[in-house]
Amino acid sequence: MSTRDGTEQLLALLAATDLFKGLAAADLGACASRFRQVRFGKGQIVFGRGDAGTHLYLIAEGQVRLAIGTSEGRELSFQIAVSGDLFGEIAMLDGRARSAEATALTPVTAYLLERSAFRELWLTNPTITDEIIAFLCWRIRNASDRLETIALYPMEVRLARFLLVALGNKQAAPGRRVPLELGFSQTELALLLGASRPKINVALGILEKAGAIGRTSDRLFCDPAKLTTIAQTEST
């Protein structure tokens, strides 16, 4: 990829993020100029819990698992970051140690922004302050919604909502389903949804019986309309 193509890709990625999307073109360009490209191999640790929060990352290609561990050795994945996702931004904003571990699930190409560079942008581009406030409010609301989903809804509803997020804006042609390759195992999916693998298998079976998904060995075939109906089921 040429330097120009790389810059255009970065600008497009930044413009789609919740943190930077409200910036004017000039401010967005100023932010883009401070990022640099980095790569990680499959299985490589991007950062560990307790590491200094010195960087923010924006994924161009690949998947990164964000997880927290307990003193008993248990692990809970709370996000699989994919192309277009930011991660590491909270520790970068407050300067405190990382609260989670980030591991590349696939080969990853990302853009990195150092905290010192971000602070300079923050001081010289006051509009970024409004975007930071809006972004942090969105994160709080999102965390609240996720906690509600985990606490109040059956596993098949939680799974349907997760799959709809993974599908994004993809829609099925009449009489067809949308293929979805998650790129991680059922064990990873179970960790991400705060459940056991057997419970995920049961939930997948319920969705399949309802005609919301079909399954092969390496992907799902989803009916967004039926998933939406299940996802909108009220808690009991």
Side-chain angles (χ1 to χ4, degrees), residues 6 9-10 12-14 16-21 31-32 34-119 121-122 131-132 135-136 138-147 149-150 158 162 165-166 168 181-195 197 200:
Q9 179 193 42
L10 176 55
L13 288 168
L14 285 173
T17 65
D18 289 289
L19 182 54
F20 296 104
K21 66 183 179 183
C31 287
R34 307 306 295 270
F35 278 80
R36 61 183 176 88
Q37 192 179 84
V38 291
R39 298 179 188 275
F40 301 97
K42 181 179 179 179
Q44 185 174 351
I45 302 297
V46 180
F47 55 73
R49 187 172 187 178
D51 288 354
T54 55
H55 302 90
L56 168 152
Y57 297 89
L58 172 60
I59 298 180
E61 297 176 356
Q63 298 178 341
V64 173
R65 180 186 65 190
L66 302 176
I68 56 175
T70 69
S71 57
E72 293 81 19
R74 295 184 61 194
E75 188 175 60
L76 173 63
S77 297
F78 61 89
Q79 184 183 355
I80 304 295
V82 298
S83 178
D85 285 343
L86 292 169
F87 68 95
E89 70 282 358
I90 299 302
M92 195 272 298
L93 286 171
D94 67 17
R96 300 178 66 181
R98 300 289 188 189
S99 58
E101 178 181 275
T103 306
L105 293 178
T106 66
V108 170
T109 300
Y111 293 97
L112 173 154
L113 178 65
E114 294 183 358
R115 185 168 190 265
S116 59
F118 185 77
R119 286 186 63 82
L121 289 167
W122 189 349
E131 298 307 313
I132 293 172
F135 172 75
L136 292 176
W138 172 81
R139 285 294 298 267
I140 292 170
R141 291 179 184 275
N142 185 57
S144 177
D145 289 344
R146 292 187 67 174
L147 287 172
T149 297
I150 291 173
R158 290 154 58 182
F162 175 85
V165 171
E181 188 171 351
L182 292 175
F184 47 88
S185 68
Q186 278 194 27
T187 299
E188 289 287 348
L189 182 58
L191 289 170
L192 195 60
L193 293 176
R197 184 169 176 175
I200 291 294

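In what follows, residues are counted from 1 in the order of the sequence shown.
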Contacts of [X] that satisfy side-chain contact (heavy atoms from CB on, under 4.5 Å) - sequence neighbours left out:
| X | answer |
| --- | --- |
| Arg115 | Met92, Arg119 |
| Ala102 | Val46, Phe47, Val64, Leu66, Phe87 |
| Ser99 | none |
| Arg34 | Leu113, Ala117, Glu120, Leu121 |

* Asked: Considering only heavy atoms from C-beta outward, does the side chain of Tyr111 approach that of Leu13 to under 4.5 Å?
  ->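 Sidechains of Leu13 and Tyr111: in contact.
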
To check you understand the geometry: which heavy-atom pair defines the closest contact between [X] and [Y], and what is its length?
| X | Y | value |
| --- | --- | --- |
| Ala91 | Ala97 | CB-O, 4.1 Å |
| Ser83 | Ala60 | OG-O, 2.8 Å |
| Asp94 | Arg96 | OD1-N, 2.8 Å |
| Val82 | Gln63 | CG1-CG, 3.9 Å |
| Gly41 | Ala104 | O-CB, 3.4 Å |

When rounded to the nearest 0.5 angstrom, what distance separates [atom1] in [X] from [atom2] in [Y]?
| X | Y | atom1 | atom2 | result |
| --- | --- | --- | --- | --- |
| Arg65 | Thr106 | CZ | OG1 | 12.5 Å |
| Phe162 | Ile80 | CZ | CD1 | 7.0 Å |
| Glu114 | His55 | CD | NE2 | 4.0 Å |
| Tyr57 | Asp85 | OH | CG | 15.5 Å |
| Phe35 | Leu56 | CZ | CG | 5.5 Å |
| Gln9 | Leu14 | CD | CG | 10.5 Å |

* side-chain hydrogen bond (donor to acceptor under 3.5 Å, both in side chains) against Thr109, all qualifying residues, sequence neighbours excluded -> Arg39

* Under the salt bridge (charged side-chain N to carboxylate O under 4.0 Å, His left out) rule, collect the residues that match up with Lys21, sequence neighbours excluded. =>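 If we apply the salt bridge (charged side-chain N to carboxylate O under 4.0 Å, His left out) test to Lys21, skipping adjacent residues, the hits are Asp18.
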
